[in-house]
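Take a look at the structure set out below.
Since this is a predicted model, take the numbers as computed values, not measurements. Just so you know, ligand 1 is whichever comes first in the structure, and atom 1 is the first atom listed for that ligand.
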Amino acid sequence: MDHFLYNNGALYAEDVALTEIAEAVGTPFYVYSTATLTRHFRLFNEALAGMEHLVCFAVKSNSNLAVLKTLGDLGAGMDVVSGGEYRRAKAAGVPGERIVFSGVGKTAEEIALVLEGGIRQFNVESEPELLEISRIAAAMGVTAPIALRVNPDVDAKTHEKIATGKSDNKFGIPIAKARAVYAEAARLPGIDVIGVDVHIGSQLTDLAPFEAAFMKVRELTQLLREDGHNIRRLDLGGGLGIPYERSNSAPPLPVEYGDVIRRTVGDLGCEIEIEPGRLISGNAGLLVTSVIYLKEGEGRDFLIVDAAMNDLVRPSMYGAHHDIVPVIEADAAILPQPVDIVGPVCETGDTFAKSRPMPPLRAGDLVAFRSAGAYGAVMSSEYNSRPLVPEVLVNGDQFAVIRARPSFEEMLARDSIPEWL
Ligand code: LLP
């Protein structure tokens, strides 16, 4: 459930009409709902009730400082994958002991940065990385808490670009090699082995792959304990999918996911950590855009909107579906007609939807892309020299711009022409 509902024929974000935000900030813009973010975070917390746990929001899904502060103030931890994300989590007021550092290519600078600023744990993805963390921690005279990210060789049954748990993916340490690497970790200076980490992919709509992976983590934990390691924390990653199409059957709920965790690893006496991103932020955000033209083509009509693939890349990158709805509700008596919904960028790939049934729309009308709060603004670019779109946060009847639209001057000022040119 989200908090974007029609009220007297107009789409609202909580108690604020989207038309009001559009007048204030122009289009396109992203808008997020505090109530939805809060609700989704709490669903995970409740799903893990009874087990010692920390829900670490995957910052990569939406890294706006106001979003991070909203979740951090509720007690969320943060899962970061770069020094930049770490700095964001810190700037949003989240202490180091609630920040987990994941990612396959942590640099020496990033390792030193988080050891300096405080870190809950490193999720280590390879032996060379383990050695590098040990070297830097020992040189700094500190101890780095670590979990090894194991690759359980489980098919997550999701889009190939976002599956991470098969042995041919670049992620993690093959689970068959894990005992040997743990033994090495235990011998290294500056390293405190505390747990096991796994993340098999994103937008999973079936619980079976989670169950298979968590069972492997269970077996490994028991073996590692026999080997003498004090395994006291399990990080089970993120990945629970969301309903992108309201007409389709819904993916499993956090509570059902929580039951899988309880059933597979709940009795091991470990603290449970999870790293959800999409399920917390995805349906908490919309991308609102205006119709520029309706162009009648041969055999198909094109609705050209002022958002484009640079603002929301998921449809062109993954063939992803986003529900697209008019901000002013259409007259139910008028039959929707199929249109291709496209942006102004000069690529055929800049297509959001093909033959999508839509009510009649005219230039200037507003439409909203649903489920755009995760992997939306964070993946945007300035391709075609289109300035990044602003982000707005709603809370009840108030709203605020939480990232302003840059001016063209600001955009151009980042380039420089060498003196000799
Ligand atoms: N933890 C790790 C280590 C991850 O790599 C990811 C996502 C997550 C947690 C959060 O997964 P989530 O709960 O959001 O599914 N850009 C793609 C998604 C990429 C996901 C990358 N890793 C998309 O737009 O679908």
Side-chain angles (χ1 to χ4, degrees), residues 30 37 40-41 43-44 47 54-63 67 71 76-82 85 89 99-106 120-126 129 147-152 156-166 169-173 195-207 209-210 213 234-244 251-254 257 261 273-285 287 309 311-322 352 369-381:
Y30 278 97
L37 290 166
H40 290 164
F41 171 71
L43 285 178
F44 276 115
L54 184 67
V55 177
C56 294
F57 176 62
V59 173
K60 63 171 79 67
S61 71
N62 188 319
S63 58
V67 169
L71 294 167
M78 299 282 149
D79 166 47
V80 304
V81 292
S82 69
E85 286 192 353
I99 306 177
V100 171
F101 191 11
S102 303
V104 78
K106 303 174 190 76
R120 178 177 177 81
Q121 115 222 351
F122 287 88
N123 287 334
V124 179
E125 297 243 5
S126 67
E129 183 187 271
L148 294 188
R149 175 169 176 180
V150 293
N151 184 322
K157 300 203 173 65
T158 182
H159 191 286
E160 57 161 346
K161 284 192 184 156
I162 53 175
T164 56
K166 286 292 286 174
N169 300 136
K170 68 178 174 181
F171 297 97
I173 292 166
V196 179
D197 170 46
V198 72
H199 170 78
I200 57 173
S202 194
Q203 186 54 18
L204 271 72
T205 52
D206 179 2
L207 291 174
F210 284 122
L234 302 180
D235 182 333
L236 302 174
L240 190 59
I242 62 170
Y244 276 99
L253 301 171
Y257 169 78
I261 294 177
E273 215 165 65
I274 55 171
E275 304 168 349
R278 191 189 313 262
L279 202 139
I280 292 179
S281 58
N283 283 330
L287 172 62
M309 63 188 286
D311 305 313
L312 177 66
V313 76
R314 302 193 67 260
S316 51
M317 192 154 175
Y318 313 112
H321 174 102
H322 285 261
F352 290 119
F369 288 69
R370 288 197 184 270
S371 314
Y375 308 111
V378 285
M379 293 180 79
S380 59
S381 76

### Query
Just distances here: any N/O of P276 and N/O of ligand 1 closer than 3.5 Å?
no

### Stepwise salt bridge (Lys or Arg N to Asp or Glu O under 4.0 Å) test for E129 and K106
CA-CA 7 Å; E129 183 187 271; K106 303 174 190 76; 3.0 Å; yes

### Task
Name the closest protein heavy atom to atom 22 (N) of ligand 1, giving the residue it belongs to and the distance to 0.1 Å.
K60 CD, 3.5 Å

### Protein heavy-atom partner closest to atom 19 (C) of ligand 1 - residue, atom, separation in Å
I162 CG2, 3.6 Å

Show me the donor-acceptor pairs, under 3.5 Å and distance only, between side chains in residues 370-380 and residues at least two apart or in other chains.
residue, atom, partner, partner atom, Å
S371, OG, N283, OD1, 2.6
S380, OG, A377, O, 2.6

### Query
Can you find a non-hydrogen atom of M317 under 4.0 Å from ligand 1?
no

### Query
After noting the C-alpha distance and the side-chain angles of D235 and R149, does the key distance pass the salt bridge (Lys or Arg N to Asp or Glu O under 4.0 Å) rule?
CA-CA 9 Å; D235 182 333; R149 175 169 176 180; over 6 Å; no

### Query
Just by distance, with hydrogens left out, do Q121 and N123 show a side-chain donor and acceptor under 3.5 Å apart?
yes

### Task
Indicate the atoms forming the closest heavy-atom contact of I280 with L37, along with that distance.
O-CD2, 3.7 Å

#### Entry: Close approach of K161 to ligand 1, heavy atoms, under 4.0 angstrom
no

### Query
D79: heavy atom below 4.0 Å from ligand 1, yes or no?
yes

### Task
Please say whether S202 places an N or O atom under 3.5 Å from an N or O atom belonging to ligand 1.
yes

#### Entry: ligand 1 contacted by G237 (non-hydrogen, < 4.0 Å)
no

### Message
If I apply the N/O under 3.5 Å rule, does E275 come out as touching ligand 1?
### Response
yes

### Summary
Under 4.0 Å from one or more heavy atoms of G277, ligand 1 contributes atoms 12 (P), 13 (O), 14 (O)

### Message
Quick check: do T158 and D206 have side-chain heavy atoms less than 4.5 Å from each other?
### Response
no

### Query
So which protein heavy atom does atom 8 (C) of ligand 1 come closest to, and at what separation?
H199 CE1, 3.4 Å

### Query
Angle class for the H159/Y318 ring planes (parallel below 30°, perpendicular above 60°, tilted otherwise)?
perpendicular

### Task
Please state whether G239 comes within less than 4.0 angstrom of ligand 1, counting heavy atoms only.
yes

### Query
For ligand 1, which atoms have a heavy atom of G238 less than 4.0 angstrom away?
9 (C), 13 (O)

### Query
Would you find a donor on one side and an acceptor on the other, under 3.5 Å apart, between the side chain of E273 and the backbone of L234?
no

### Query
Does the side chain of H322 reach to within under 4.5 Å of the side chain of P315, using non-hydrogen atoms?
yes

### Query
N/O of Y318 under 3.5 Å from N/O of ligand 1, yes or no?
yes

### Task
Mark up the atoms of ligand 1 that fall under 4.0 Å of a heavy atom belonging to R278, in ascending order.
12 (P), 13 (O), 14 (O), 18 (C), 23 (C), 25 (O)

### Query
So, the side chain of Q203 versus the backbone of I242: is there a donor-acceptor pair under 3.5 Å, distance only?
yes

#### Entry: Protein heavy-atom partner closest to atom 24 (O) of ligand 1 - residue, atom, separation in Å
R314 NE, 2.6 Å

### Enumerated ligand 1 atoms positioned under 4.0 Å from heavy atoms of R149
3 (C)

#### Entry: Main-chain N/O of I200 paired to T164 side chain as donor or acceptor, under 3.5 Å
yes

